[in-house]
Amino acid sequence: MRLRNLQLVNFRNYNNLHLEFNEKVNLLVGKNGQGKTNIVESIYMLSFGKSFRTNKDRELIKFDTENLYVGGNFSKHNTNGLIEVAIGKNKKGIKVNKIHIQKIQELLGNLNVVIFSPEDLRLVKEGPKERRAFIDKEISQIMPKYYNYLTSYNKILFQKNKLLKSNYIDEALLDVYDESLAQYGSYIYILRRDFIKKIANISIELHKKLTNNIEDLSITYKNQINVSDEDTVSTIYTRFLEKLVSSRKHDIETRTTRYGIHKDDLNIFINDLDVRLYGSQGQQRTASISLKLSEIELINKEVGEYPVLILDDVFSELDETRQRLLVSNLSVVQMFITTAEISHKNIFDKENTTIFNIDKGQVINIENGGN
Ligand SMILES: Nc1ncnc2c1ncn2[C@@H]1O[C@H](COP(=O)(O)OP(=O)(O)O)[C@@H](O)[C@H]1O
Ligand SMILES: [Mg+2]
């Protein structure tokens with residue numbers, strides 16, 4: 001998968017920008033605060049329809065202007081596509097191949113993007129919430145209907161918790177909510193279980209590579225219902241509902257929902273020790289890298305093409321050995337790398353690299369590899 005070009009109008013600190021990208025490595029170089037991340041943020045928008053930095057779309061509109069536009073041509077499976085996002089003060093429109101989409105899942109999966117930022121290096125160290133967000137984003141990309149299930153689940157959970165906090169609790173309504181939670185929860189559970197199994201298989205190999213065969217990384221699904229790998233959606237539904245019913249009294253007392261997929265997490269072990277508790281900072285970071293890189297491989301397996309990879313400010317956080325490992329492992333992937341340090345240039349094969357020098361919301365100079 002390749003993003004061929006990008007057009008920005010009134011996006012963050014850019015007035016009007018058109019860039020043609022290298023199909024291999026694109027280095028976005030500039031001092032802090034110049035607009036490097038803004039560019040990758042707009043690329044991310046083409047994949048997910050929203051920013052990874054804010055939920056408030058209006059923050060993306062250039063100060064003192066009214067409407068923004070982000071557009072990009074991509075190619076995938078030998079076909080071309082165009083994604084366009086337009087945002088005004090109170091309106092937002094997304095088009096795929098000139099046709100307005102109605103729901104975000106019609107956008108997801110068109111252009112697959114994996115972003116790796118400094119927070120991702122803390123993926124293993126952080127709390128369950130961050131790891132759930134990781135899982136959710138990845139599955140949504142591969143299987144947009146997952147996003148549907150999740151949104152529905154979260155809406156019902158919100159309604160249920162609101163009811164639990166109200167003065168009068170209608171238990172018949174709680175029954176309805178619990179049944180819906182069990183239903184969506186079981187769909188989500190199955191997709192998470194499959195995803196985690198796949199990602200675990202890929203990451204064990206990658207992690208060996210990154211650690212010179214010293215470490216065995218094991219990733220498993222941590223959830224509250226303990227069903228087996230073979231269990232079907234109906235068994236899981238029943239199990240969830242039992243849990244919810246058994247916890248009814250507790251839920252009413254604590255005014256919140258104790259059981260469900262909103263509590264899930266990953267168990268991450270290296271050589272049989274829980275990395276979160278016993279791993280060194282370096283081990284936690286390397287495990288995070290393995291996990292993130294597995295995602296790229298998994299998308300390739302599921303979609304049949306590698307996603308576009310964004311490395312936002314992580315490059316300088318890696319030592320040179322890991323930088324080289326990363327680059328050599330990912331030579332088939334189109335990359336967008338932001339960095340303040342021009343010295344990293346040497347890691348990349350010049351032939352396949354385009355360098356965009358960025359200063360105050362302008363691309364002031366483009367160095368094209370090979371000429
Ligand atoms: N809506 C906006 N309108 C104009 N400028 C903005 C807007 N949002 C952010 N900026 C500017 O963008 C710059 C930060 O860009 P960013 O891409 O995050 O920098 P970096 O190069 O460090 O990654 C800041 O100078 C900020 O003032
Ligand atoms: Mg930045």
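Counting starts at 1 for both ligands and their atoms, in listed order. Residues take their numbers from the sequence shown, with the count starting at 1.
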TODO: Nearest heavy atom to atom 27 (O) of ligand 1 wins, so pick from F63, Y14, F11.
DONE: F63
Open item on the list: Heavy-atom contact check, 4.0 Å cutoff: does K31 meet ligand 1?
Closed with: yes
Task: For Q34, atoms of ligand 1 separated by under 4.0 Å from a heavy atom - done: 19 (O), 20 (P), 21 (O)
Open item on the list: Ignoring hydrogens, what is the shortest heavy-atom contact between F134 and E295? Give both atom names and the distance.
Closed with: CE1-OE1, 3.0 Å
Open item on the list: For N110 versus F74, what's the shortest heavy-atom pair and its separation?
Closed with: O-CE1, 3.5 Å
Open item on the list: What protein heavy atom lies closest to atom 13 (C) of ligand 1? Include the residue and the distance to one decimal.
Closed with: G33 O, 3.5 Å
Task: Closest protein heavy atom (residue, atom, distance) for atom 9 (C) of ligand 1 - done: R12 CD, 3.7 Å
Open item on the list: Applying a heavy-atom cut-off of 4.0 Å, say which part of R53 lies close to ligand 1: side chain, backbone, both or neither.
Closed with: side chain
Open item on the list: As an exercise, identify every atom of ligand 1 less than 4.0 angstrom from a heavy atom of T37.
Closed with: 17 (O), 18 (O), 20 (P), 23 (O)
Task: Atoms of ligand 1, numbered as shown, that sit under 4.0 Å from any heavy atom of N32 - done: 22 (O)
- [ ] May I ask you to check if K160 and Y177 form a cation-pi contact, with NZ or CZ under 6.0 angstrom from the six-membered ring centre and within 45° of the axis?
- [x] no
Task: Identity of the nearest option to atom 1 (N) of ligand 1, non-hydrogen atoms only, from L60, D312, I61, I358 - done: I61
TODO: Using 2.8 Å as a strict upper limit, say whether an N, O or S atom of T37 approaches the Mg ion (ligand 2) that closely.
DONE: yes
Open item on the list: Looking at R248 and E171, is there a salt bridge between them, counting it only when a charged N and a carboxylate O are closer than 4.0 Å?
Closed with: yes
- [ ] Run the numbers for me: atoms of ligand 1, each under 4.0 Å from some heavy atom of G35, listed by number.
- [x] 15 (O), 16 (P), 17 (O), 19 (O), 20 (P), 21 (O)
Task: Ionic contact status for E317 with R285, cut-off 4.0 Å - done: yes
Task: Residue, atom name and distance, where the atom is the protein heavy atom closest to atom 16 (P) of ligand 1 - done: N38 OD1, 3.6 Å
Task: Sidechain N-carboxylate O distance under 4.0 Å for D57, K50 - done: no
Task: Parallel, tilted or perpendicular, as decided by the 30° and 60° cut-offs, for the rings of Y184 and Y149 - done: tilted
Open item on the list: For D264, is there an ion pair with K222 - N to carboxylate O distance below 4.0 angstrom?
Closed with: no
Open item on the list: With a 4.0 Å cut-off on N to O distance, would you call R53 and E41 a salt bridge?
Closed with: yes
- [ ] Identify, by atom number and element, the atoms of ligand 1 in contact range of N13, meaning under 4.0 Å from any of its heavy atoms.
- [x] 4 (C), 5 (N), 6 (C), 11 (C), 12 (O), 13 (C)
